[in-house]
Colleague: 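Let me begin by handing over the structure; questions about it come next.
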Amino acid sequence: HIEGDRLPVGELDGSKSDRATAIAQAFSSAGFKSRVLTDIRSHLWIKAWGNLAFNPISALTGATLGEICADSNTRRLAADMMHEATAIAEALDVRVLLTVEQRIKGAEQVGEHKTSMLQDREEGRSMEVDPLIGAFVELGQLTGVRTPAIDAVYALIHQLNERLDQERRAR
């Protein structure tokens with residue numbers, strides 16, 4: 001954990017277990033702000049939502065969060081991907097705590113931050129394509145939710161990652 005001091009925890013079933021409480025207390029004792037959430041899935045979705053949209057766009061373009069949000073085309077693409085992911089969340093009965101625009105504004109406020117996927121690309125590491133984007137492609141298929149923007153971005157970033165991985169292996 002390299003950024004921020006918040007580390008919320010929670011059980012997937014929504015309970016406030018002794019285990020989750022002990023973990024939150026351990027994090028708090030270590031200097032983090034930690035608490036037990038009874039709706040951890042919704043909080044995880046917000047993080048996954050941002051990773052889904054901002055990570056591949058940044059790796060494909062070299063843009064920071066601020067640059068993605070400032071450009072009307074990449075901002076709209078991120079929003080389209082998040083709207084598709086919202087439909088998946090609804091199909092899975094996951095409560096989405098923010099609107100798409102609120103999530104984008106949050107990213108915009110972070111400013112000139114390079115996403116982990118862009119950092120991986122710049123450092124010559126394989127990118128987390130399937131966990132961050134492929135999972136949403138699969139969830140769309142499983143729930144019957146159409147995800148044309150997610151699918152298109154996935155195809156592009158997957159091909160780029162494969163090509164870069166081949167180049168690394170060839171060296």
Colleague: What are the two closest heavy atoms between Arg103 and Lys47, and how far apart are they?
Modeller: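 Where Arg103 meets Lys47 most closely, the heavy atoms are NH2-O, 4.5 Å.
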
Colleague: Between Ser126 and Asp120, is any side-chain donor less than 3.5 angstrom from a side-chain acceptor?
Modeller: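 On atom types as modelled, these side chains do not qualify, holding no pair under 3.5 Å.
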
Colleague: Decide yes or no for Leu156 and Pro56: does some side-chain heavy atom of the first lie under 4.5 Å from some side-chain heavy atom of the second?
Modeller: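 Of all side-chain heavy-atom pairs linking Pro56 with Leu156, none is under 4.5 Å.
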
Colleague: Determine whether Glu112 and Leu65 make a side-chain contact, defined as any pair of heavy atoms from C-beta on separated by less than 4.5 Å.
Modeller: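 They are not in side-chain contact.
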
Colleague: Decide yes or no for Ile157 and Met117: does some side-chain heavy atom of the first lie under 4.5 Å from some side-chain heavy atom of the second?
Modeller: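 Contact flag for Ile157/Met117 side chains = yes.
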
Colleague: Can you find a heavy atom in the side chain of Glu167 that is under 4.5 Å from one in the side chain of Glu162?
Modeller: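 No, their side chains stay 4.5 Å or more apart.
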
Colleague: Measure the spacing between CH2 of Trp45 and CG of Leu98 and express it to the nearest 0.5 Å.
Modeller: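 Here the rounded value is 13.5 Å.
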
Colleague: Are more than 12 heavy atoms, taken from residues, nucleotides or ligands other than Gln159, located less than 6.0 Å from that residue's CD atom?
Modeller: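 Open.
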
Colleague: Which pairs would a plain distance check flag for residues 134-144, meaning a side-chain donor or acceptor within less than 3.5 Å of a matching protein atom at least two apart in sequence or in another chain?
Modeller:
from: Thr143; atom 1: OG1; to: Leu139; atom 2: O; distance (Å): 2.7
from: Thr143; atom 1: OG1; to: Gly140; atom 2: O; distance (Å): 3.4

Colleague: Please tabulate, for side-chain N and O atoms in residues 21-30, each donor-acceptor pair with protein atoms closer than 3.5 Å (sequence neighbours left out).
Modeller:
from: Thr21; atom 1: OG1; to: Ser17; atom 2: O; distance (Å): 2.9
from: Ser28; atom 1: OG; to: Ala24; atom 2: O; distance (Å): 3.0
from: Ser28; atom 1: OG; to: Ser34; atom 2: O; distance (Å): 3.4
from: Ser29; atom 1: OG; to: Gln25; atom 2: O; distance (Å): 3.0

Colleague: Output all residues satisfying side chain to side chain contact (heavy atoms under 4.5 Å, CB included) with Asp93, sequence neighbours left out; order by chain, then residue number.
Modeller: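 With neighbours one apart ignored, the set is empty.
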
Colleague: Does the side chain of Ile40 come within less than 4.5 Å of Leu37's, by heavy atoms?
Modeller: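 Yes, at least one pair of side-chain atoms sits under 4.5 Å.
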
Colleague: Of all the heavy-atom pairs spanning Ala149 and Leu77, show the shortest one and how long it is.
Modeller: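 Looking at all heavy atoms of both residues, the shortest contact is CB-CD1, 4.3 Å.
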
Colleague: Between Glu11 and Arg19, does any NZ, NE, NH1 or NH2 come within less than 4.0 Å of an OD or OE carboxylate oxygen?
Modeller: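 Judged by the 4.0 Å cut-off on N to carboxylate O distance, Arg19 and Glu11 do form a salt bridge.
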
Colleague: Measure the spacing between CD of Glu101 and CE of Met82 and express it to the nearest 0.5 Å.
Modeller: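 Glu101 atom CD to Met82 atom CE measures 9.0 Å (nearest 0.5 Å).
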
Colleague: Less than 4.5 Å apart, any side-chain heavy atom of Leu164 and any of Leu160?
Modeller: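 Sidechains of Leu160 and Leu164: in contact.
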
Colleague: State, yes or no, whether a side-chain contact exists between Arg125 and Arg168 at a heavy-atom distance under 4.5 Å.
Modeller: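 They are not in contact (no side-chain heavy atoms under 4.5 Å apart), so the answer is no.
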
Colleague: Any chance you could measure Leu97, atom CG, to Trp49, atom CH2, to the nearest 0.5 Å?
Modeller: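 So the gap between those two atoms works out to 9.0 Å.
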
Colleague: Out of curiosity, Thr115 OG1 to Asn55 CG, how far, rounded to the nearest 0.5 Å?
Modeller: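 With rounding to 0.5 Å, OG1 (Thr115) is 4.0 Å from CG (Asn55).
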
Colleague: Please tell me if the side chains of Leu52 and Leu132 come closer than 4.5 Å, counting only heavy atoms from C-beta onward.
Modeller: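 Leu52 does not reach Leu132 side chain to side chain.
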
Colleague: Would you sort out whether Arg146 and Glu84 count as a salt bridge (charged side-chain N to carboxylate O under 4.0 Å, His left out), showing the intermediate values?
Modeller: CA-CA 7 Å; Arg146 291 189 64 251; Glu84 291 171 7; over 6 Å; no

Colleague: What's the shortest heavy-atom distance between Ala59 and Met127, and which atoms?
Modeller: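 Of all heavy-atom pairs spanning Ala59 and Met127, the closest is CB-SD, 3.7 Å.
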
Colleague: Atom CG of Asn51 and atom CD1 of Ile46: how far apart are they, to the nearest 0.5 Å?
Modeller: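 The distance works out to 12.5 Å.
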
